[in-house]
**Student:** 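What follows is a single structure, and I will ask about it in a moment.
As the structure is a computational prediction, the values presented were derived from the model and not from experiment. Numbers here simply count residues along the sequence, with the first being 1. Counting starts at 1 for both ligands and their atoms, following the listed order.
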Amino acid sequence: MPRKNANFQTQADSREPLSRRSKTKFIIVTGGVLSSLGKGLTSAALGSLLKAKGLKVSMQKLDPYLNLDPGTMNPRQHGEVYVTDDGAETDLDLGHYERFLDTPMTRRSSYTAGRIYSQVLAKERRGDYLGGTVQVIPHVTDEVKAAILSMSDDNLDVVLIEVGGTVGDIESLPFLEAVRQLKRDLGRGNCLFIHLSYLPYLETSGEFKSKPTQHSVKELRSIGIQPDIIVCRGKLPSSAETKAKIALFCDVPIDAVFTAVDVKNIYELPIKLFQEGLEKKVSRLLNLGRQEPDISPWQGLVARQAKLTKKVTISMIGKYGELNDSYKSLKEALGHGGLPHDAEVKINYHNAEDVRPDNVAALLKGSKGILVPGGFGLRGVDGMVTAIAYARENMIPFLGICLGLQCAVIEFARNVAGLSKANSEEFKPNCRDNVIFRMVGWYDPNSGLRANRDPSDDLGGSMRLGSYPCRLTPNTKAYAAYDSDLIHERHRHRFEFNPKFLDLLVKKGLVISGQGPADPLENPALPRPKLVEIIELANHPWFLGCQFHPEFKSRPMRPHPLFKAFIEAALGHK
Ligand code: GLN
C-alpha cells in the first residue's frame, strides 16, 4: 500500500543523506532586480578563480524557459547557440564558462525548464510515479535536484549553478524551490547561495541606492532562500556605508557584500573579483582550502590586451545583427586570434541583405579580411555569395564558417566551375546542381547513426551536432595552421558538401584540406562517402572555409589556430 503522502518522499529522504554521497560543493548563483547583469560572466569568473586554486570545477546553467534547448531559438532574440563537444545546443553563457574555465561543458551543463518538464512527463507516461499525482513539488523539483547532483559524477570539487532569469519571475520558481531544498539536503558547508543584484548610483544626489537590492533579497527570502553572499553590480565600487546598509537589511555579514564594477574588458573580471576577496570568502564558507589562486595568467592577458600595437579590421557579412550576442563566440575568437600578432581586431559588420554586386566594391574596398559566419535559411545568402566572390577575385583573406563554407562552394561552382545554377538543397530543394545537400538517411533515429544522441529533440536531432574528427591534408593552409593531421571540431548543420561534385570542383582548383570520417560512428562496415570539412583555394593568399564552428573552441589563453592564421593573413594583406 502506498503511504499517504508518498508523493512527498523526496530523493533526499529516501536514501542516505546527500552530503555523504557527494563530496562536491555547490555554489548557487541567483540574480535580482534586472536581467543582463552579467550573472554568467560573474559566475564564470568566480569559477576560474576556484580552478586557479587547483580545484576541479565545473558549471551548470538552469534556464527557466520552456524550449527543450535554445537550438530552435532565433539568435537575434536569444543570442548565439553554443554547441558543446557532446552535441548539446546550449545557452551562450556556456561559452563564457568554457572560455573562463577552459574546461569542456557537456549536455549536463545546461538544463531548461522545458527539458526538466519533458523528463518528468516521460516518466509519468512510463508509469514511474506508480499512479501518484505528479506535482511541481516534489516531482519537478526532484528532477531539478537530480540534474544538479548529476554534475557531481565527475568527481568535481565545486560546481557553480547559475539560475537563469530574475528572482520574482513565475518561471524560475520551481528552480528556486529546488535549490532551496538542495541546501537543506546537502547541509551547511556544502552549498552556498550568491545573489547578484544591481546597485544604481544616483549622480544627482551622489549616492548609491541599496533599495533595489533590499527588495530582491526580500523576494528571495520570501521563498525561503537566505543568500550567503551578495554581489552588487554597479558602475563604481560601493562605499563601506552602502555595504553596511545592505548587510543590515539583507541579514548578511558586512564581509559578505561585494561589488562587481563594470569592466571594459571581461577578462579583468577574475582579477577584480579576486581583489574584492570574493574567492576567499567563498572558500572559507565552503571549506575549500586557503591556497591562493594564481591569477597571473589573467593579469598577463589583460596587460597584453591593453598594449596591442597593431590594429586590423575584418569585414563580417552576417545576418543576425551586429549589436546583440548572436555572434558572441565569433567576436571573442577573432579577438583571441589577434593576440599572438599583437593586434587588436575590429569588426566591420555588414548585413548580408545589403550587399549587392553593384555596391560590394564600395562596401568591402580596403578590407583586410572578409568573414562569412554560420546561419540558417535563404535570407542574405546572395549577399554572402557576392562578398565571397569579391574576396576570391581580389585576393582578400577569407574565412567562411559553416554556412560560410557552403556559400563559398556555391560561389566557386557558379563562377569558376561553370555550374551557373549551383545551389544548396536548403535554398532550392530540387535543383540538379545542389553542390550542398542533405544526406538522407544519415541521421536516421532508428539506425543509431544519429549525430545527436538525445532522442528527445526532433528538430535539433536532424543536425550533425558536436565534435567530429577531421583529417587534414598536408601542404595546405589548414595543415599549416593546426600543425597537426588530426583535429576535432564542433558541428551544427544539416547540409553537407555534395561528394557528387567533388572531382569536378577539385579539377577546377578547389582544395579539400580536411575530411571527416567515413561515417559519424567511424564504422568501416558502412560504405559512406567521406565528408568534406575544410576547403581552400590554391591560387589565393588565404581562402578557407570550414564546415564546423572553430569559434566554440577558441580560448583567450589558447587562440584557435584558424583565427590566428586568418588574422595573420589579414595583417599581411596590403
Ligand atoms: N544552414 C546550414 C546547414 O544547416 C549551415 C548551418 C550553420 O551555418 N551553422 O547546414
Side-chain angles (χ1 to χ4, degrees), residues 69-76 78-85 87-90 92 95 316-321 325-331 333 352-353 370-385 387-388 398-411 413 422-429 431 434-443 450-452 457-468 470 489-499 501 514 516 520 529 531-535 544-554 560 562:
D69 60 43
T72 52
M73 291 160 92
N74 187 334
R76 264 175 155 164
H78 188 73
E80 111 186 332
V81 175
Y82 189 79
V83 181
T84 56
D85 276 337
E89 296 177 275
T90 71
L92 59 85
M316 177 166 150
I317 323 297
K319 52 189 277 182
Y320 299 122
D325 288 333
S326 349
Y327 299 110
K328 189 88 213 158
S329 294
L330 196 50
K331 287 182 189 170
E353 284 166 289
I370 294 177
L371 187 144
V372 175
F376 292 82
L378 177 63
R379 188 177 59 83
V381 162
D382 286 344
M384 291 178 172
V385 170
I388 293 169
F398 167 78
L399 176 60
I401 295 176
C402 209
L403 179 63
L405 165 134
Q406 298 176 355
C407 289
V409 174
I410 293 170
E411 193 280 325
N423 219 316
S424 161
E425 201 177 328
E426 181 176 10
F427 316 129
K428 204 154 194 251
C431 167
N434 271 338
V435 290
I436 303 297
F437 84 135
R438 185 159 185 175
M439 282 194 180
V440 184
W442 186 281
Y443 304 121
R450 285 168 50 124
N452 185 348
D457 46 358
D458 301 336
L459 242 192
S462 58
M463 279 203 264
R464 181 145 80 103
L465 283 167
S467 182
Y468 284 86
C470 166
E489 292 284 2
R490 298 183 193 174
H491 292 249
R492 180 174 184 250
H493 52 98
R494 293 194 175 83
F495 299 87
E496 307 276 354
F497 186 113
N498 188 343
F501 296 91
L531 297 171
V532 169
E533 308 281 41
I534 312 179
I535 58 128
L544 188 147
C546 50
Q547 188 55 80
F548 47 80
H549 288 269
E551 67 271 28
F552 295 142
K553 285 183 79 170
S554 187
H560 190 284
L562 287 185

**Student:** So how far is it from Phe548 CZ to Cys402 SG, rounded to the nearest 0.5 Å?
**Tutor:**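 Rounded to the nearest 0.5 Å, the CZ-SG separation comes to 10.0 Å.
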**Student:** Can you pull every nitrogen or oxygen pair between ligand 1 and the protein closer than 3.5 angstrom?
**Tutor:**
{"unit_1": "ligand 1", "atom_1": "1 (N)", "unit_2": "Gly375", "atom_2": "O", "d": "2.9"}
{"unit_1": "ligand 1", "atom_1": "1 (N)", "unit_2": "Glu426", "atom_2": "OE1", "d": "2.7"}
{"unit_1": "ligand 1", "atom_1": "1 (N)", "unit_2": "Glu426", "atom_2": "OE2", "d": "3.1"}
{"unit_1": "ligand 1", "atom_1": "4 (O)", "unit_2": "Arg494", "atom_2": "N", "d": "3.0"}
{"unit_1": "ligand 1", "atom_1": "8 (O)", "unit_2": "Gly375", "atom_2": "N", "d": "2.9"}
{"unit_1": "ligand 1", "atom_1": "8 (O)", "unit_2": "Gly375", "atom_2": "O", "d": "3.4"}
{"unit_1": "ligand 1", "atom_1": "8 (O)", "unit_2": "Leu403", "atom_2": "N", "d": "3.0"}
{"unit_1": "ligand 1", "atom_1": "9 (N)", "unit_2": "Arg492", "atom_2": "O", "d": "2.9"}
{"unit_1": "ligand 1", "atom_1": "9 (N)", "unit_2": "His549", "atom_2": "NE2", "d": "3.1"}
{"unit_1": "ligand 1", "atom_1": "10 (O)", "unit_2": "Gln406", "atom_2": "NE2", "d": "3.1"}
{"unit_1": "ligand 1", "atom_1": "10 (O)", "unit_2": "Arg494", "atom_2": "N", "d": "3.1"}
{"unit_1": "ligand 1", "atom_1": "10 (O)", "unit_2": "Phe495", "atom_2": "N", "d": "2.8"}

**Student:** Let's go through Phe437 and Phe495 carefully: what are the C-alpha distance in whole Å and the side-chain angles of both, what is the deciding distance for ring pair (Phe, Tyr, Trp, His ring centres under 6.0 Å) to 0.1 Å, and is it a yes or a no?
**Tutor:** CA-CA 5 Å; Phe437 84 135; Phe495 299 87; 8.8 Å; no
**Student:** Decide salt bridge (Lys or Arg N to Asp or Glu O under 4.0 Å) for Arg494 and Glu426; before the verdict, give the C-alpha distance in whole Å, the side-chain angles of both, and the deciding distance to 0.1 Å.
**Tutor:** CA-CA 9 Å; Arg494 293 194 175 83; Glu426 181 176 10; over 6 Å; no
**Student:** Measuring from His560:NE2 to Phe552:CZ, what's the distance to the nearest 0.5 Å?
**Tutor:**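 So the gap between those two atoms works out to 11.5 Å.
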**Student:** Does Arg379 pair with Glu353 as a salt bridge, N-O distance under 4.0 Å?
**Tutor:**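 So Arg379 pairs with Glu353 through a salt bridge.
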**Student:** Give a yes or no answer on whether the side chain of Lys319 reaches the backbone of Gly377 with a donor-acceptor pair at less than 3.5 Å.
**Tutor:**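 Answer holds: yes.
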